[in-house]
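Worksheet for the structure shown next.
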Amino acid sequence: MKFKAFLTDNGVNLLEKRFLPALEKMGKICHLYLTREHAIFLHNLLNGDGIQSIAQFRKEALFDDYRISSQNDDRIAFAIDLSLLQRALRSIIAVYTEFSASHSGGAGGQPSNRLQIKLVKKLPPHSQQPMPFLTFESKGYKSAVIQDVPISKPLSRSDVLELQAALDMAQDMPRTLVQVPDMNQLQNFVDRMKHVGDLINVSISKYGDLHLQISTTLITLGAEFRKLVRIGEQADMPTGDQNLSAQSRTDRAIQRGDAMTVQVSVKHFFKSLQCHLVKPDCAFYGIAVEGVCLTVIFQFFIPGTRQTDKSISLHCRLPVLDPGSS
């Protein structure tokens, strides 16, 4: 199997400044899944434990001259330590930037240096067994700088098929999604709530309401975001419910089938909010069919427009306690 590409300046910025810092908050180890058209970072899709996150990039969003081949339909997947990946990328970028600033060559004065990424097998020091690495190489006029990131043995054909099946299943969207316009406000609230209890109840209605609540034997804390932008199945709140308390409105909506509620870990909920580091333009929350998970979808716009940038996608799936009980 072979993989080789050149990182674009936009790709360097997306990974180093935005996505790798956020994804590392989800978990130190993830799978990197490379196909003919996409590079995908995946957390917890094979083991089912913890929060799942899926960051998908079209190859053009990150790379130039993208080449991949394998006997598994040109698909390659392996586990990688995100902290090591981030450290190696920052190190090679520092050299790359310094070289590019002081040297230029070719037409138009463009830097002759390019940042290459590829899969290699090398013999580590004091080892007799070649090991796989994801390697960054910055080639200058007279020298080359190399950073190697150790990776797992690439997944077998059956494991790649299992990963692809899990990825396909994770694309199922909730029937109703509500848009949270201010991630900072939500994050500040959850930051305070995480000191109260370990579990948070999340309710989402077809009316465009998002209701959060943490309860202990001594205290109950809640927050409500109302009349949010909705996508998917929608309904109008009955007039008689307008002046009820948030809890009463939510209970009635659930009884009518106009809302769903799930209980998730505060730790997982807070982790998902760390995705603000990728600088999304907005976020949507929804509860999957039969309450199997809480889904958070982050949306990105093409710079300077309100059009969705379809070359980048990120969403998280938070495991719930006792799905379907509500």
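Only this structure's heavy atoms are used, side chains among them; waters, hydrogens and symmetry mates stay out. Computed from a predicted structure; not experimentally measured.
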If you look only at pairs with a residue in residues 221-230, which of them pass as a side chain to side chain donor-acceptor pair (under 3.5 Å), with sequence neighbours excluded?
-> Glu224-Arg249
Please collect all salt bridge (charged side-chain N to carboxylate O under 4.0 Å, His left out) contacts where either partner lies in residues 166-187, sequence neighbours excluded, each pair once.
-> none
Only pairs at least two apart or in different chains count here, so list each salt bridge (charged side-chain N to carboxylate O under 4.0 Å, His left out) that has a residue in residues 250-265.
-> Asp241-Arg252, Asp241-Arg256
Ile231: which other cluster members, linking ILVMFWY side chains closer than 4.5 Å, directly or transitively?
-> Met173, Leu177, Phe284, Ile297
Transitive ILVMFWY cluster of Met169, excluding itself - 4.5 Å side-chain cut-off | none
[X]: what forms a side-chain hydrogen bond (donor to acceptor under 3.5 Å, both in side chains) with it, not counting sequence neighbours?
X: Asp209; result: none
X: Thr8; result: none
X: His43; result: Ser53

Report the residues that fulfil ring-ring contact (aromatic ring centres under 6.0 Å, His included) with Phe269, sequence neighbours left out, ordered by chain and then residue number.
-> Tyr285
Sequence neighbours left out, what passes ring-ring contact (aromatic ring centres under 6.0 Å, His included) with Phe300? Give chain and number order.
-> Phe19
Could you list the residues that satisfy side-chain contact (heavy atoms from CB on, under 4.5 Å) with Lys310, not counting sequence neighbours?
-> Arg58, Thr308
Donor-acceptor side-chain pairing of Gln213 and Ser215 below 3.5 angstrom = yes
For residues 195-222, the ring pair (Phe, Tyr, Trp, His ring centres under 6.0 Å) pairs (sequence neighbours left out) are none
How many angstroms lie between OG1 in Thr176 and CD1 in Ile204, if you round to the nearest 0.5 Å?
-> 8.5 Å
